[in-house]
Each structure stands twice: as C-alpha cells, then as structure tokens.
There are 2 protein chains.
Amino acid sequence: MYYSTRFILLYGVNNLSYRISEFADKCRVNKETIRYYERKNLLQEPSRTNSGYRTYSEDDVKRVGFIKRMQELGFSLNEIYKLLGVVDKDEIRCQDMFEFVSKKEEEVKKQIEDLKRIERMLKDLKKRCPDEKELHECPIIEALIED
Amino acid sequence: MYYSTRFILLYGVNNLSYRISEFADKCRVNKETIRYYERKNLLQEPSRTNSGYRTYSEDDVKRVGFIKRMQELGFSLNEIYKLLGVVDKDEIRCQDMFEFVSKKEEEVKKQIEDLKRIERMLKDLKKRCPDEKELHECPIIEALIED
DNA sequence: ATAAACCGTGTACTATAGTACACGGTCAAG
DNA sequence: CTTGACCGTGTACTATAGTACACGGTTTAT
C-alpha cells in the first residue's frame with residue numbers, strides 16, 4: 001500500500017510531517033542550520049521520502065527548540081549534544097552524565113549569581129542616565145570593575 | 001629627570017606597572033589576547049617605554065577582569081566595548097546608552113529565569129542518575145523539550 | 001660581549017556556529 | 001512538457017574570539 005508524499009503530508013498517515021524548509025521556518029532557524037545540526041548529530045538522521053527529501057515531525061521542532069534555548073544560555077553545541085544523549089538513550093554519551101551534570105549545575109548557579117549582579121549594575125546605570133536618556137559619567141561599572 | 005625602566009618597574013615612580021607578559025599572566029589571558037583587545041579598542045592604547053614596550057597598570061588588570069566576567073555571562077566583545085564607553089566617558093558610545101542598557105537588562109532578567117529552570121532540570125537529572133552515577137532514561141529533559 | 005628572555009608588528013591559522021551558493025534532481029501546475 | 005519552487009550534496013565563505021608564529025629589535029644576566 002503506497003501513499004503519495006502529498007497525501008502523507010496532508011493527511012498524516014505518518015503523523016504530520018514537514019519538509020526541511022517548512023521545518024526550519026517552524027524552528028525559526030535557517031535551513032542550512034538544520035543540515036548543520038544533522039552533520040553535528042544534534043538531530044538524528046531524518047526519515048526521507050522516496051526521492052530522498054528529509055521529513056521532520058513536531059517532536060523535531062521541540063528538539064530544535066531545546067537546542068536553541070540551551071544555546072542562548074551559553075551551552076555549546078557539544079554540551080547540548082551530550083545532554084541529548086539522555087533523550088536519545090545513548091549509553092556512551094550517558095556514561096559520565098552525573099559528573100557532567102554536576103559540573104554544569106555549579107556553573108549555572110554561579111552564572112545566576114553573577115547575572116543578578118549584572119542586573120543590579122544595569123539598573124543602576126539606567127537610573128543614573130540623566131533625564132532617563134544619556135550620561136557620560138557613571139561610576140557603577142567602575143564599582144563592578146573593582147572587586 | 002630620567003629613570004630606567006627597571007627602576008620604574010621596581011620602585012614605581014609611575015605607580016606599579018607591568019609589561020605585557022606579566023600583565024597577561026595577572027589577567028589570566030594570553031598575551032596575544034591583550035593585543036587583540038587593544039586592536040578592538042577594549043583596551044586603550046597603553047603607554048610605552050622608550051623602546052616601545054607596552055606598560056599596564058593595576059587598573060588595566062581590573063578592566064580585563066571586567067571584560068572577562070561580562071564575556072562569561074554572554075556579552076559579546078562589542079557589547080562590552082559599548083558598556084566601557086561609560087567608563088571611558090566617550091560621548092559617542094554613551095549616546096543611546098539608556099536604550100542599550102534597558103534592552104540588556106530585559107535580556108538578563110529573562111536569562112536568569114531560564115537559568116533557574118535549567119538549574120532545576122540539572123538537579124532533577126542528577127537525582128535520577130541511579131546510584132548517583134549513571135542513567136539511560138531521564139524524562140526531565142523531555143519535559144524541557146516540551147513547553 | 002653575547003645568549004636568553006623579552007617585546008613589537010604583521011600575518012596566518014584555529015574553533016565554533018553558522019550561511020551561501022553552485023550544480024543537479026524532483027514534482028506539481030499550467 | 002516545461003517552468004518554478006523545492007530538495008540534496010558538496011564546498012566555500014563569514015563572523016567572533018582568539019592563538020601561533022616568524023622576523024627583527026631590546027634588555028638583562030652571565
């Protein structure tokens with residue numbers, strides 16, 4: 001029993017599935033970025049249509065969302081790859097997961113504390129901008145430079 | 001009245017001052033990174049000895065410390081350059097400082113919230129590592145992938 | 001006085017994270 | 001049955017943030 005690609009795309013025998021361009025749009029990234037993530041194994045080999053076109057699912061959209069969010073928080077693609085070992089149930093990547101996660105937890109804690117200080121600095125900086133617009137003298141950063 | 005470089009370095013007529021290598025060591029960065037920051041105007045033209053050697057002060061050490069800390073928190077060198085406009089009392093860089101700082105403040109706030117969620121995720125992930133060591137199934141990241 | 005240890009300049013190279021593009025195949029509409 | 005909008009592969013290019021190195025001058029210890 002065969003279905004045309006169009007039929008599958010429209011009625012989702014195989015669930016709802018996207019071609020690379022639509023998928024990239026949904027993920028709000030460049031099409032090439034998707035291929036790049038595939039090369040880096042952040043996305044597993046996608047299934048393909050008969051003619052070799054990649055197809056993606058809603059789950060893949062979530063996965064890219066996870067990658068992007070982690071990345072914005074300073075995780076490198078390699079670190080994200082490592083974490084995804086859990087999702088992919090990959091024993092190799094899971095081997096020293098406890099150490100890895102513990103280390104990252106410490107880093108994240110420290111980062112939160114540092115960011116709170118930066119937030120205070122930025123607030124102060126804003127307050128001192130005369131008539132809420134400009135300033136040439138602001139000793140707050142200098143305070144942060146000390147320490 | 002002239003002093004030898006050695007005399008100045010030892011007895012600090014001009015305050016305590018460092019040559020590039022010692023300075024880089026104190027800052028815990030590569031010597032080339034210092035020159036790179038100079039090229040990118042993150043460090044102002046340093047004063048020089050008669051023979052053209054760069055000399056740095058304790059304040060410069062603090063400045064590099066500031067750069068490094070901001071960088072670790074996800075600020076780009078360009079953004080740090082902008083912020084340093086305040087310290088350098090540079091009117092051009094200070095022009096839209098209020099908008100810039102406001103935008104960064106929002107970003108930092110969001111980042112703190114996101115990091116807290118990541119922290120929870122990492123904590124959960126750790127807890128679920130059987131006998132505090134390994135695991136192949138961890139539904140927490142999956143939870144984060146959703147949302 | 002001479003070698004070791006610095007320094008300056010300039011240029012090239014590296015890693016990370018993409019982005020662009022050329023060339024050729026596929027497919028659906030007119 | 002051809003045109004336009006896709007797609008795949010491969011390769012090259014970009015920005016950011018460094019890092020390394022060669023060549024030649026300086027300083028300092030021996």
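Note on naming: letters A, B, ... go to the chains in the order of the sequence lines (proteins, then strands), and numbering restarts at 1 for each one.
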Closest to the [X] side chain, choosing from [options]:
X	options	result
B:Y53	D:dG18, D:dT27, D:dC7	D:dT27
B:N78	D:dT16, C:dT19, C:dA17	D:dT16
A:L77	C:dA17, C:dC7, D:dC6	C:dA17
B:N30	D:dT26, D:dT19, C:dT19	D:dT19

**Q.** Qualifying residue, where the test is side chain to side chain contact (heavy atoms under 4.5 Å, CB included) with A:I118 and the options are B:L83, B:L73, B:I112
**A.** B:L73
When the distance from [atom1] of [X] to [atom2] of [N] is rounded to whole Å, what number comes out?
X	N	atom1	atom2	value
B:N50	D:dG25	CG	P	18 Å
B:I20	D:dT27	CD1	P	16 Å
A:E32	D:dA12	CD	P	15 Å
B:K40	D:dT19	NZ	P	14 Å
B:Y18	C:dC6	OH	C1'	18 Å
A:R54	D:dC6	CZ	C1'	13 Å
B:D25	C:dC6	CG	C1'	13 Å
B:I34	D:dT19	CD1	C1'	13 Å

Q: Flag the pair A:R63 and A:D88 as a salt bridge only when some basic side-chain nitrogen lies within less than 4.0 angstrom of an acidic carboxylate oxygen.
A: yes
Q) Are the side chains of A:N30 and A:Y36 in touch, meaning some heavy atoms are under 4.5 Å apart? A) no
Q: Determine whether A:L43 and A:I67 make a side-chain contact, defined as any pair of heavy atoms from C-beta on separated by less than 4.5 Å.
A: yes
Q. Phosphate oxygens OP1/OP2 of D:dG18: is one of them under 4.0 Å from a side-chain N or O of B:Q71?
A. yes
Q.
If you compare every side-chain N and O of B:S51 against the phosphate oxygens of D:dT27 (OP1, OP2), does one of them come in below 4.0 Å?
A. yes
**Q.** A:R39 or A:Y56, whichever maps to the more 5' nucleotide of DNA chain D
**A.** A:Y56
(Q) For B:K68 and A:R48, find the nucleotide of DNA chain D closest to each by heavy atoms; which residue's nucleotide sits nearer the 5' end? (A) A:R48
Q) On a plain distance test, is the side chain of A:Y37 in donor-acceptor contact with the base of C:dG18 below 3.5 Å? A) no
Q.
So for B:R35 and C:dG10, does any side-chain atom that can act as donor or acceptor lie under 3.5 Å from a complementary atom in the base?
A. yes
(Q) Quick check: closest heavy atoms across B:S102 and A:K126, and the distance to 0.1 Å? (A) OG-CD, 3.4 Å
